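Proteins come first, then strands; the chains are lettered A, B, ... in the order of their sequence lines, and each starts at number 1. Remember, it's a predicted structure, so these values are computed and weren't measured experimentally.
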Amino acid sequence: MEAATPLYHFISSHQPFTQKQPRRYSTNFGLINVAETLPETSPSTSPSPLSSSQFDYEKEFHSLNSVRAMHAKMIKLSRERDSKRNMQSFISAYLEFGDFQSAAVLFFVGFAENYLYWNSFLEEFSYFGGNPCEILEVFSELHSKGVNFNTEILAFVLKICSKLRDTWLGLEVHACLIKKCFNLDVYTQCALMNFYGRCCGTERANKVFKEALIHDSLLWNEAILVNLRDEKWAEGLQMFCEMQALHVKANGLTISKVLQACGKLGALDEGKQIHGYVIRYELESNILIRTALINMYVKNDKIKIARVVFDLTDNRNLPCWNSIISGYIALGYLDHAWELFNEMITSNIKPDIITWNCLLSGHFLHGSHREVLAILRRMQSAGYQPNRNSITSVLQAVTELGYLNHGKEIHCHVIRNGLDYDLHVATSLVDMYVKNDDLTSAQAVFDCMTNRNICAWNSLISGYSCKGHFEKASNLLNQMKEEGIKPDIVTYNSMVSGYSASSCIKEALGMIRRIKSCGMSPNVISWTSLISGCSQQGYFREAFEFLIQMQDEGIKVNSVTISSLLQACAGLSLLDIGKEIHCLCIRNNFIGDVYVSTALIDMYSKCGNLENAQKVFQRLEYKTLASWNSMITGFAIYGLSTEAISVFDRMREANVQPDAITFIALLSSCKHSGLLDKGWKYFDHMKTDFGVIPTIEHYSCMVDLLGRAGYLDEALDFIQSMPMEPNAAVWGALLTSCRIHGNVELGEIAAEYLFKLEPYNAANYALMMNLYALSNRWKDVDRTRDKMEAMGVKIGPVWSWVQVNQRIHIFSTAGKTHQEEGEIYFELYKLISEMKKLGYIPDTKCVCQDIAEVEKEKVLLAHTEKLAITYGLIRTTSPAPIRVINNTRICSDCHTVAKYMSLLRRREIFLKDGVRFHHFKDGKCSCCDFW
DNA sequence: ATTTGCGTGC
């Protein structure tokens, strides 16, 4: 094809065309009265009289120049009007040889007969690669030269304006139309409505509809479509109903779009009525309507009806298959979706990128993140190129899985295929790097983005903020403002969340105030971020205070808030408040939320109510990995290893793949029960049978397990054989075991590492002092205490609390003494003397002070858990169990005393310490004295 | 379509 040289170059060649003109709407065709301006020059080939037959022209159409030559001949002989078909041939020829302007000029000045012809012109124009913009340019130019167009041409131009969103020209065309005639025909009115709907808003289009004198079916259909295109679902549906009342017939496109509206609005009844209409007017064979019906039923949660419609469709095309497959996927029936997918393949329908993307995003949304990667591989090996949507889903899955390396590979693919210029892909990349803790790469991708949307900014800001880089986050916030992007509630919430996660409660509250000063209202997410931050950092009381503030401001809690609050209840063992929240969950239908139910299981087990934890667990219809894990953990912290293992077995029967946390729970249940062999078994099998690679947490569990069982040397060997550097938890486990078994030598080795790794952790010094005291090595006790004091480390307060009559009573080594202390000690002495009659001997080994035995007994009596239990005994009545929480690890003397108390006063005592649970009943403890 | 808040362990 030759380079396009516009028609006027040839016909106006006597006028030198030197200046390059700016393209849009300002080209200068010397076109008007073409025949008159044409110079009287003879073409080089001798002009023979042309026949009127079109074929004579077409025979000569070998190149653009030959087309022009023929055109010139035709004009010269003034045979333009001879045949409209001749004109068509020339237009087609110009299009074929790529001279789109000449084609458009001929189209406008030549003739324009009917709508059908225009559409085929537009089709042909685009088919040969012409940009419809050029049609508008030619029209504009002719219009400015004063050419008068008929209304049909104007309507045609209006259609293109509408398509190209050329509001200015469209309004100009409307002005021409008004000048021409007052009563526009239906087609023109439709074009006008279409234009206003797309370019000036639905309201203007509706005005055109209202002002129209006659509302025929074409106009009704267009009016409804205009509203639905603008996602005015309710308005569109309403108009459809009005149209029905007037017995105006709807066309297939309108019906399919109205069905879409029924889906969006959840208007099942209306949807069914339209289904009835479809059957009555025998429109069922229309595949567009069929597909819309399937979608409508899917959106209204009626997948079974959708399936019936699908099954009854015999001319299923690809969109139809895609609809039913995406329906199953949206509702989470991934297996059904695959079944249909395979069925589709056997019916010789090839999936398209939409099908694949639907599978990708569906598996991501339903948490099957690994499958997303498998589907990607499958589609690639089937020869499909992932597009921006595919990449976005895959990146999200990779982000969730934490597969940074996979993410980088996808980044490479993105770069190779030039997709990095796509806004959404780039945003997903930023987010992938942010969530995988690679802020440097996130920043690099961000810096390369030529235009950034608010999501990209927010993603990066949240990355810096959550990692505690508040300065960088604030700088970005200011920078985005400078670049003219207004921070939204998400931006501020990211800051709130970051501050809350770093215990910067004041700053987080400041952000909430800033949201208000910007004229926005802090929403449920802002408050929940603050509350969950408090719950996770141990500021449980503050969590409840902010809950009250939030409710005062009229913000209602949602399931996420509830999960955070339950965490606070679990942390404080606030069983009664936890139960209140459980009621709230039932009232507000939060029970079905997997996060809430998991948090409930955790709350009940940490508040000492294992039965309720089990009940919640059993009633869970859909058990997630986390819910199985928290139930196993629940049994584990009670030392109920048999039960924990049986939950694990049931989990495997349910085909749920265990993860690292499952094995930590299992190993710790073995640890709490001294099941060394079982522990080894799980440790060995977790990698070989389940593909879960042991982390340092698993190793430290094993050290604990070995050590507590008395295999201290083996524990040390095990530490030395570890594939990673042992951390403080590992050495801490060894030191704890050494203290239990009184092994000073090994303990000193562990302590040496610990003092290096955690020089400011008072618990380590306390453990070592305790170990020395057991062996009566008082000088070493003093030396360790001096070392600790030299480091400026202080042993924090030890506290226990018990709830009596809706109030929490705290007994602390640091705080004020309890006002009823006298009464408490009176009862405690009484109990001790009763116990002594039954054979109780105070276990003074727990006291690491070099003082007389009698003094040691006094120290033991002051242990906070004893005071808390005693207070519970005197201020509550049987059979209410007593629940005591302690923030350290219960000593063996308190353990013995609690057993006697449960026997003497016939009370169940639940005691939660920093490590696990003890349930005392009838003089026995659930831990069987192994803890 | 892309961005903010939630559960399981140590």
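First and last contacts of DNA chain B with chain A, using any nucleotide atom under 4.0 Å from a protein heavy atom and ordered 5' to 3', fall at dA1(B) to dC10(B).
Ser428(A) and Asp431(A) are not linked by any side-chain donor-acceptor pair at a separation below 3.5 angstrom, with hydrogens and angles left out of the test.
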Could you tabulate the donor-acceptor pairs under 3.5 Å formed by side-chain atoms of residues 544-551 of chain A, not counting sequence neighbours?
from: Glu545(A); atom 1: OE2; to: Arg541(A); atom 2: NH1; distance (Å): 2.8

For residues 496-511 of chain A, which side-chain N or O atoms pair as donor and acceptor with protein atoms under 3.5 Å away, sequence neighbours left out?
from: Ser500(A); atom 1: OG; to: Val496(A); atom 2: O; distance (Å): 2.7
from: Ser502(A); atom 1: OG; to: Gly498(A); atom 2: O; distance (Å): 3.4
from: Ser503(A); atom 1: OG; to: Gln537(A); atom 2: OE1; distance (Å): 3.0

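Residues from residues 451-459 of chain A with heavy atoms under 4.0 angstrom of DNA chain B, sorted by number: Asn453(A), Cys455(A), Asn458(A). Of the residues in residues 498-520 of chain A, not one places a heavy atom less than 4.0 Å from an atom of DNA chain B.
Residue Asn389(A) is in base contact, counting any heavy-atom pair closer than 4.0 Å across all strands shown. Using a 4.0 Å heavy-atom distance criterion, Asp659(A) is classed as making no nucleic acid contact. Base engagement by Thr624(A) is indicated by at least one non-hydrogen atom pair under 4.0 Å involving a base atom. Lys606(A) comes within 4.0 angstrom of the backbone, heavy atoms only, and of no base. Residue Ser563(A) is in base contact, counting any heavy-atom pair closer than 4.0 Å across all strands shown.
Scanning for salt bridge (Lys or Arg N to Asp or Glu O under 4.0 Å) contacts around Lys472(A) gives an empty result, with sequence neighbours left out. Partners of Tyr403(A) according to the side-chain contact (heavy atoms from CB on, under 4.5 Å) rule, which considers only residues two or more places apart in sequence or in another chain, are Arg370(A), Leu373(A), Val398(A), Leu401(A), His406(A). A search for ring pair (Phe, Tyr, Trp, His ring centres under 6.0 Å) contacts involving Phe718(A) returns Trp680(A), Phe683(A), Tyr699(A), not counting sequence neighbours. Not counting sequence neighbours, the partners of Ile586(A) by the side-chain contact (heavy atoms from CB on, under 4.5 Å) test are His582(A), Ile591(A). The side-chain contact (heavy atoms from CB on, under 4.5 Å) test applied to Asn655(A) returns no partner, not counting sequence neighbours.
Residue pairs meeting the ring-ring contact (aromatic ring centres under 6.0 Å, His included) criterion with at least one member in residues 509-532 of chain A: none, sequence neighbours excluded. Sequence neighbours left out, the pairs with a member in residues 612-641 of chain A that pass ring-ring contact (aromatic ring centres under 6.0 Å, His included) are Phe617(A)-Trp628(A), Tyr638(A)-Phe917(A).
From Glu580(A), atom CD reaches atom CG of Leu574(A) across 12.0 Å, with rounding to the nearest 0.5 Å.
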